[in-house]
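Notes follow the structure.
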2 protein chains.
Amino acid sequence: METTWTHRIRAAGLRVTRPRLAVLEVLAAHPHADADALVTGARIQHPTLSPQTVYGVLEAFVATGLARRIEPAGAPALFELRVGDNHHHLVCRSCGLVADVDCVVHAAPCLNPADPAGFVVDEAEVVFWGLCRACQQEQQPQSVQIDEHDIRGGAIA
Amino acid sequence: METTWTHRIRAAGLRVTRPRLAVLEVLAAHPHADADALVTGARIQHPTLSPQTVYGVLEAFVATGLARRIEPAGAPALFELRVGDNHHHLVCRSCGLVADVDCVVHAAPCLNPADPAGFVVDEAEVVFWGLCRACQQEQQPQSVQIDEHDIRGGAIA
DNA sequence: TCCTTGTCTTGACTAGTTCAAAACAACGGG
DNA sequence: CCCGTTGTTTTGAACTAGTCAAGACAAGGA
């Protein structure tokens, strides 16, 4: 398993280091983790890891195309390894859970503005907002407070 | 002119105050301004205005549907008065300029995910990323540095 | 004009992220 | 297999956008 990560890191032109392997492994297990969750998760394998190091690792991953950074409005940035297939995201307004949605058109931009106002568009970012299954159930029975199960997008269960 | 704003504020169930009128007027003149730009702009009419007051004004506007808050990834939040017509945005990767794009389907959500994964979707947020006309011209001649004309989304020219 | 209540002001504070410099370690060459 | 170069990590501080709380203030109905 780890060999795969090693190869992918090296293929991206990066040196293979312990922090990078740790972050990559956590990211693989938690496909929409935020920086904080990645620090926590990666510390299981590398306890002395600092947040700044993780930011550095992520920056390198994003720059080389190993990872992608997504920033849902009003929440810390999330990172995912699914890159290059131009998919989109579903975000729960209540708990922040993020799910992937395949794009019907697999090439970017997958849709075009009617009047691009002179812009040359290279990407259409689509975020669907709504309620995930769990939050729908919580809100129907007897309108429970929403903060009860504060999973948020990035947290590691 | 001001009478119009007065009416709109009151119609929203809010008291008509000087900070609110000032912010509303700046927002009308600069349709995609960030909080900082609004403070600067509104101070022309009301020099003692503090950032916190503007945040409060904007919160009230957004809560009552007078204004809408948009948060392009990696930039401070922008505010606009165009609400309720479910339009989308074009953002320039280089200078941050934001332009409106009409939505072909005028009701939210204007498109549906192929597999909503159990989510009940109420909005599809679409952001088109690309280069605005000015930045295209700047990058072709002799690949000029991009920070030259740092208009950014919210700044007031 | 007075009173109530919503709004503004002031100030401190937080989360998320970035910057800079020095210590360190990966890995290609000898 | 060790060494040196160079990219990475570490450490620590700083920064920005935005939030919170409490008292002063003013809008607008009586």
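By convention in this document, chain letters (A, B, ...) are assigned in the order of the sequence lines, proteins followed by strands, and residues within each chain are numbered from 1.
Separation of atoms CG (B/L49) and OG1 (B/T40) is listed at 10.0 Å; rounding is to 0.5 Å.
Put simply, CG on A/L58 is 14 Å from P on D/dT8, counting in whole angstrom units. Atom-to-atom, CG of A/L24 to P of D/dT8 comes out at 14 Å; the value is rounded to the nearest Å. Between the CG atom of A/L49 and the P atom of D/dT8 there is a distance of 15 Å, rounded to whole Å. Between the CG atom of A/L66 and the P atom of D/dT8 there is a distance of 12 Å, rounded to whole Å.
In the hydrophobic clustering of ILVMFWY residues, with side-chain heavy atoms under 4.5 Å counting as a link, B/L14 and B/V54 come out together. In the hydrophobic clustering of this structure, B/V62 groups with B/L81; members are Ile, Leu, Val, Met, Phe, Trp, Tyr whose side-chain heavy atoms approach within less than 4.5 Å, directly or through other members.
Formation of a donor-acceptor pair under 3.5 Å by the A/E80 side chain with backbone atoms of A/I70 is not found in this model. Side chain of B/R69 to backbone of B/A77: no donor-acceptor contact under 3.5 angstrom is found. A donor-acceptor contact shorter than 3.5 Å links the side chain of A/Q136 to the backbone of B/G118.
No contact: B/A60 has no heavy atom under 4.0 Å from any strand.
Nearest-nucleotide mapping onto DNA chain C: of A/D36 and B/P19, the residue sitting toward the 5' end is B/P19.
Along DNA chain C, the stretch of nucleotides lying under 4.0 Å from any heavy atom of chain B spans, 5' to 3', C/dT5 to C/dA12.
A salt bridge does not link B/D85 to B/R68: none of the charged side-chain nitrogens sits closer than 4.0 Å to a carboxylate oxygen.
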Reading nucleotides 19-30 of chain D 5' to 3', which nucleotides get B (base under 4.0 Å from a protein heavy atom), which S (sugar-phosphate only), which -? BB-----BBS--
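Other residues, nucleotides and ligands place more than 12 heavy atoms under 6.0 Å from the CZ atom of B/R82.
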